[in-house]
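Taking it in order: structure first as C-alpha cells, then the write-up.
Residues take their numbers from the sequence shown, with the count starting at 1.
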Amino acid sequence: MNIEDFKPDKHSFESIFEKQKEIKFLYEPEAREIFSQFDIDTYEDQEVFKRYCWRITEELMEALEDRKNHNHFREELIDGFNFMVELYLLYGWDFAKVKSPVQLSNCSIEEKVLKVVYYLGVTANVLKNRQWRKSQYLVDLYIFEARFKKIWTSYMEIFYSMGMSDDDISSLWSLKYKVNLFRLKTNY
C-alpha cells in the first residue's frame, strides 16, 4: 500500500499539524507524555530532538537515493516532512509559529536537500547537554529558534522549487496520511 492507492484531499497547514499529532500518538502512544513534558534544556529531551533530526535526514537521503523515481522521491520527501512537523510539535510550535516567507535559490534539488540537513545539524548543535557532563547548560533560545525556523523554510523551498504549491503539498501529505491510517488499521 502506498500513496498511489488513494485519492488526495486538501488540508490547511494548521490542520496538517493537528492531524499529524493525532497519527503520531496513534503510532506511538508513549510519545504523548514526551511531547507534553518536553524541555529543550534537558539532556534526555535534547536527545529526543536530535533523533527527530536524524529521522528527517534519513528520509531526505532515501529520497535522494531514488531521485529518478519521481513518485518515490516525493513520497520520501513527505515522510521527512511528517517528521519535521512532529519535530515542531515536539518543541511546542504550531504552524503559526513556523510559517515564514520562502525565498527560492537557483541551486539544485540536491543542494536544497543538503541545506535542510545543514540547518538540522546546526540547530541540533546548539544543544550542548551531554550524558557525561556534570553540568547541564541552558539553550541559547535566540540562536536555536532562529536556526530552527530555517529548517522549515529550507524544506519548503524543496517543494516550491519542484513547482509544488501549498495545495499540492497538502494533497501529497493527505495521501501519506491515508497510507499511515491504513497501516494502523491493518497492523501493517
Side-chain angles (χ1 to χ4, degrees), residues 13-14 16-25 27-28 30-65 76-162 166 169 173:
F13 280 107
E14 292 85 356
I16 288 172
F17 270 68
E18 290 170 21
K19 289 184 175 300
Q20 191 62 39
K21 186 183 231 180
E22 290 171 11
I23 203 160
K24 168 67 180 176
F25 296 151
Y27 266 115
E28 299 177 52
E30 68 281 1
R32 188 179 302 275
E33 184 177 345
I34 295 166
F35 275 58
S36 69
Q37 297 180 13
F38 184 80
D39 180 354
I40 197 66
D41 289 315
T42 66
Y43 160 74
E44 294 80 9
D45 287 352
Q46 287 183 7
E47 290 299 306
V48 171
F49 186 94
K50 290 175 185 178
R51 280 195 302 273
Y52 272 90
C53 290
W54 173 249
R55 287 176 177 178
I56 298 164
T57 301
E58 189 174 29
E59 296 298 339
L60 288 171
M61 294 304 107
E62 191 172 350
L64 282 184
E65 190 171 48
E76 297 307 326
L77 281 181
I78 210 66
D79 286 345
F81 176 83
N82 288 344
F83 286 128
M84 181 180 67
V85 168
E86 291 173 8
L87 181 66
Y88 285 106
L89 291 167
L90 174 71
Y91 187 62
W93 281 7
D94 58 15
F95 177 68
K97 190 73 174 174
V98 301
K99 68 179 178 179
S100 303
V102 175
Q103 295 182 351
L104 295 178
S105 63
N106 291 328
C107 56
S108 69
I109 289 290
E110 290 80 3
E111 291 169 313
K112 287 175 176 46
V113 167
L114 293 176
K115 186 174 162 185
V116 174
V117 173
Y118 169 79
Y119 283 119
L120 287 164
V122 297
T123 301
N125 191 47
V126 177
L127 309 177
K128 299 293 187 183
N129 291 334
R130 305 289 186 263
Q131 186 176 16
W132 61 85
R133 285 192 176 147
K134 298 204 186 297
S135 301
Q136 300 297 299
Y137 301 94
L138 295 176
V139 174
D140 184 331
L141 293 178
Y142 180 78
I143 293 171
F144 174 80
E145 290 181 354
R147 291 178 180 183
F148 193 34
K149 283 184 178 184
K150 289 181 180 179
I151 297 168
W152 178 267
T153 57
S154 58
Y155 209 106
M156 296 305 288
E157 184 184 3
I158 297 169
F159 288 129
Y160 295 155
S161 69
M162 294 170 56
D166 288 348
I169 297 164
W173 175 86

(message) With rounding to the nearest 0.5 angstrom, report the CD1 to CG distance, Ile23 to Asn82.
(response) 8.0 Å
(request) Apply the test side-chain contact (heavy atoms from CB on, under 4.5 Å) to residues Glu14 and Phe17: give CA-CA distance (whole Å), side-chain angles for both, the deciding distance (0.1 Å), then the verdict. (result) CA-CA 5 Å; Glu14 292 85 356; Phe17 270 68; 5.9 Å; no
(request) Answer yes or no: is there a donor N or O on one side and an acceptor on the other, between the side chain of Lys50 and the main chain of Leu127, under 3.5 Å? (result) yes
(request) Answer whether the closest heavy-atom distance between the side chains of Glu86 and Phe83 falls below 4.5 Å. (result) yes
(request) Rounded to the nearest 0.5 Å, what's the gap from CD1 on Ile151 to CG on Leu87? Could you check? (result) 6.0 Å
(request) Find the distance between CD (Glu145) and CD1 (Ile40) and round it off to the nearest 0.5 Å. (result) 9.0 Å
(request) Measure across Cys107 and Lys112 and return the closest heavy-atom pair with its distance rounded to 0.1 Å. (result) O-NZ, 2.6 Å
(request) Please report the closest heavy-atom contact between Trp152 and Met84, naming both atoms and the distance. (result) CE3-CE, 3.3 Å
(request) Search all heavy atoms of Ile56 against all heavy atoms of Gly80 and return the closest pair with its distance. (result) CG1-O, 3.8 Å
(request) Nearest 0.5 Å please: distance from the NZ atom of Lys97 over to the CG atom of Leu89. (result) 14.0 Å
(request) Say whether, by atom type as modelled, one donor and one acceptor occur between the side chain of Thr123 and the main chain of Gly121 under 3.5 angstrom. (result) no
(message) Going by ring pair (Phe, Tyr, Trp, His ring centres under 6.0 Å), name the residues that satisfy it together with Phe144, two or more places apart in sequence or in a different chain.
(response) Phe49, Tyr91, Phe148
(request) Kindly write out the residues that satisfy ring pair (Phe, Tyr, Trp, His ring centres under 6.0 Å) with Tyr118, not counting sequence neighbours, or none if the list is empty. (result) none
(message) Ignoring hydrogens, what is the shortest heavy-atom contact between Arg147 and Val122? Give both atom names and the distance.
(response) NH1-O, 2.8 Å
(request) State whether the number of non-hydrogen atoms from other residues, nucleotides or ligands found under 6.0 Å of Glu30 atom CD is greater than 12. (result) yes
(request) Look up atom CD in Glu65 and atom CD in Glu58, then write down how far apart they are to the nearest 0.5 Å. (result) 10.5 Å
(request) For Glu59 and Arg55, run salt bridge (Lys or Arg N to Asp or Glu O under 4.0 Å): C-alpha distance rounded to whole Å, both residues' side-chain angles, the deciding distance at 0.1 Å, then the answer. (result) CA-CA 6 Å; Glu59 296 298 339; Arg55 287 176 177 178; over 6 Å; no
(request) Give a yes or no answer on whether the side chain of Asp41 reaches the backbone of Leu138 with a donor-acceptor pair at less than 3.5 Å. (result) no
(message) Less than 4.0 angstrom from a charged side-chain N to a carboxylate O is my criterion; do Lys24 and Glu28 meet it?
(response) yes
(message) Do Trp93 and Lys149 have side chains that approach each other closer than 4.5 Å (heavy atoms only, starting at C-beta)?
(response) yes
(request) Taking all non-hydrogen atoms of both residues into account, name the closest pair between Ile158 and Leu60 and its distance. (result) CD1-CD2, 4.4 Å
(message) Within this structure, what is the CE-CD distance for the pair Met61 and Glu76, rounded to the nearest 0.5 Å?
(response) 11.5 Å
(message) Under 3.5 Å, is there a donor on one side chain and an acceptor on the other for Tyr88 and Asp94?
(response) no
(request) Answer whether the closest heavy-atom distance between the side chains of Gln46 and Val139 falls below 4.5 Å. (result) yes
(request) Give the intermediate values and the outcome of side-chain contact (heavy atoms from CB on, under 4.5 Å) for residues Thr153 and Gln103. (result) CA-CA 8 Å; Thr153 57; Gln103 295 182 351; over 6 Å; no
(message) List the residues meeting ring pair (Phe, Tyr, Trp, His ring centres under 6.0 Å) with Tyr155, not counting sequence neighbours, and say none if there are none.
(response) Phe159
(message) For Phe25 and Phe35, take the angle between the two ring planes, folded into 0 to 90°, and tell me which bin it lands in: parallel under 30, tilted 30 to 60, perpendicular over 60.
(response) perpendicular
(request) Identify the heavy atoms of Phe13 and Phe81 that sit nearest to each other, and give their distance. (result) CE2-CZ, 3.8 Å
(message) Contact between Trp54 and Leu120 at the side-chain level, heavy atoms closer than 4.5 Å - yes or no?
(response) no
